[in-house]
Amino acid sequence: MSERRYDPTHDEWVTFATHRQDRTYKPSAAACPLCPTRPGHASTEVPREHFDVVVFDNRFPSLSTRPPAPDIAGTDLVPVEPAYGHCEVVVFTDDHDATLADVGVVRVQLLLETWARRVADLGADPGVRYVLPFENKGEAVGVTLHHPHGQIYAYPDVPPRPARELAAGRRHHDRTGRCVFCDVVAAEAGGPREVVAGEHVVAGVPPWARFPYEVDIWTREHVPSLPELPAEARADLARVLARVLAGYDAFFGLRTSYLLGLHAAPTDGGDRDVAHLHLEICPPHRGGGKLKYLAGSETFAGAFLTDVAPEVAAERLREACARAEVPV
Ligand SMILES: [Zn+2]
Ligand SMILES: [Zn+2]
């Protein structure tokens, strides 16, 4: 079963992909499907002995270009659609035990270039309206394959959170004539919540951080999407991202788990004046071995409660990022 059902009580779609229950779950390193294929061994997802970055279709996709017919018929109240879209896997190192924090700036830059190419390709599909590159890292966020990798989802509509962001940006634009993120960058750059300052991008704990150590990375200029980010700025984004991830590990003293996602303009050409390229990185760690879970207030009220002041988190992360060793 694979289909999308509309929730008329919240005006959003939910995707069902029950075949994903059968997907590979925490395989041993010897059985890792994302490791290179070793001579004399069974073929993995990557039929090569070495690689830098590879992209392939997810074998257990939530969205697909040939979705099956839905199991139930939609109604006026609850429309049901085939789950159209793309789900790709991006493996950015052939080292089973590496992390994005230690593959080096050059590799992070290659990953960003790969994202840019995939966003352009998937966004060219007329059935796609939004492309989201992301990485779920670590057992604390429920990762089922330990080999370092990210994913790219291409959705048939603009999903709820980016849609809300764009709507808020539209209201700000109507009121002020400006992009809200451009205003945020102007206000945050060089301020108490800045974590790493690049030439073309700024990393900071947003004043509204939903996770205690959330860091967002914003482009200084108004750039709607990753394929449009000039090469120099992309290199700067790679440097700053690598430093933030190394800073997390230095600060927490462990391999930090996190959710990392890229927000940009819809791929249908809309909202380019209010869509401003940025990365959001949300670790569940609260320090001292404690984790933040999405509990009652977050789940039922949508109201996040955070127990570290963004200014304090930023000061700690700024110091950790400054002393962290960032591999080239
Ligand atoms: Zn592996
Ligand atoms: Zn902007």
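Whatever order the structure lists ligands and atoms in, that order sets their numbers, starting from 1. Just so you know, residue 1 is the first one in the sequence shown, and it goes up from there.
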Angle at the Zn ion (ligand 2): provide the value between SG of Cys179 and SG of Cys182, rounding to 10 degrees. 110°
Exactly one of Leu317, Val202, Val240 clears side-chain contact (heavy atoms from CB on, under 4.5 Å) with Val196, and that residue is Val240
Measure from the Zn ion (ligand 2) to every N/O/S atom of His222 and report the name of the nearest one. ND1
For the Zn ion (ligand 1), angle spanned by His147 ND1 and Cys35 SG (nearest 10°) is 110°
Given atoms ND1 of His96 and SG of Cys32, what angle do they subtend at the Zn ion (ligand 1), to the nearest 10 degrees? 100°
What's the shortest heavy-atom distance between Ala324 and Arg243, and which atoms? O-NH1, 3.2 Å
Kindly say whether the aromatic ring centers of Tyr248 and Tyr213 come within a distance under 6.0 Å. no
Please name the atom of His276, restricted to N, O or S, that is closest to the Zn ion (ligand 2). ND1
Would you check if the distance from the ring center of His86 to the ring center of Tyr153 is below 6.0 Å? no
How about CD on Glu221, more than 12 heavy atoms from neighbouring residues, nucleotides or ligands closer than 6.0 Å, or not? no
